[in-house]
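To start, the structure under review is shown below, and the notes come after it.
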Amino acid sequence: MNDMDLLKQDVEREFPDTLVKLDKNPSDANAPSFLYIERPGRQRVVIEWRPKEAKFHVSYGSRKDFGSGPNEIRIHRFSVMERIRELLN
């Protein structure tokens, strides 16, 4: 289990009314993985984990905002979870 799996569990436990989808390549541990988070009435949050960089790319906003790069880059899973709380509450 990696940091993205743990982050997914954290979000699901803390926000049970939230749709959470993890998209990762199980055959390549070095491939980026994405965590899509949607809570009713809140902005969408997408977390990209890049194992080679050991960084989380945090994107949020409306669907039209995605694809232009991350809003923030964070290093630690706990820092990402703290930011998710701020965005979803």
Supply the atom-to-atom distance Ser33 OG to Asp5 CG, rounded to the nearest 0.5 angstrom. 8.0 Å
Could you state the interatomic distance from CD (Gln9) to CE (Met1), rounded to the nearest 0.5 Å? 4.0 Å
Arg83 to Tyr60 six-membered ring, cation-pi geometry met (6.0 Å, 45°): yes
Could you measure the distance from the CD1 atom of Ile84 to the CD1 atom of Ile47? Nearest 0.5 Å is fine. 4.0 Å
Given the options Val80, Leu22, Asp23, Val58, Leu35 meets side chain to side chain contact (heavy atoms under 4.5 Å, CB included) only with Leu22
Show the nearest heavy-atom pair for residues Pro51 and Ala29, with the distance to one decimal. CG-O, 3.4 Å
Looking at Ser59 and Gly69, what are the two nearest heavy atoms and their distance? OG-O, 3.9 Å
My understanding is that only residues two or more places apart in sequence, or in another chain, count here; which of them pass side-chain hydrogen bond (donor to acceptor under 3.5 Å, both in side chains) with Arg85? Glu14
Sequence neighbours left out, what passes side-chain hydrogen bond (donor to acceptor under 3.5 Å, both in side chains) with Asp17? Give chain and number order. Arg39
Restricting to side-chain hydrogen bond (donor to acceptor under 3.5 Å, both in side chains), what partner residues turn up for Asp10, sequence neighbours left out? Arg13, Arg77
Looking at every heavy atom in both Gln43 and Leu88, which two are closest together, and how far apart are they? O-CD2, 4.1 Å
Distance (rounded to the nearest 0.5 Å) between Lys24 NZ and Asn2 CG: 4.5 Å
Verdict with reasoning, Asp3 to Phe56, per side chain to side chain contact (heavy atoms under 4.5 Å, CB included): CA-CA 10 Å; Asp3 276 349; Phe56 293 94; 3.8 Å; yes
Just verifying a value: how many Å separate Asn71 CG and His57 NE2, rounded to the nearest 0.5 Å? 12.0 Å
Would you give the length of the straight line joining atom NZ of Lys21 to atom CZ of Phe34, rounded to the nearest 0.5 angstrom? 11.0 Å
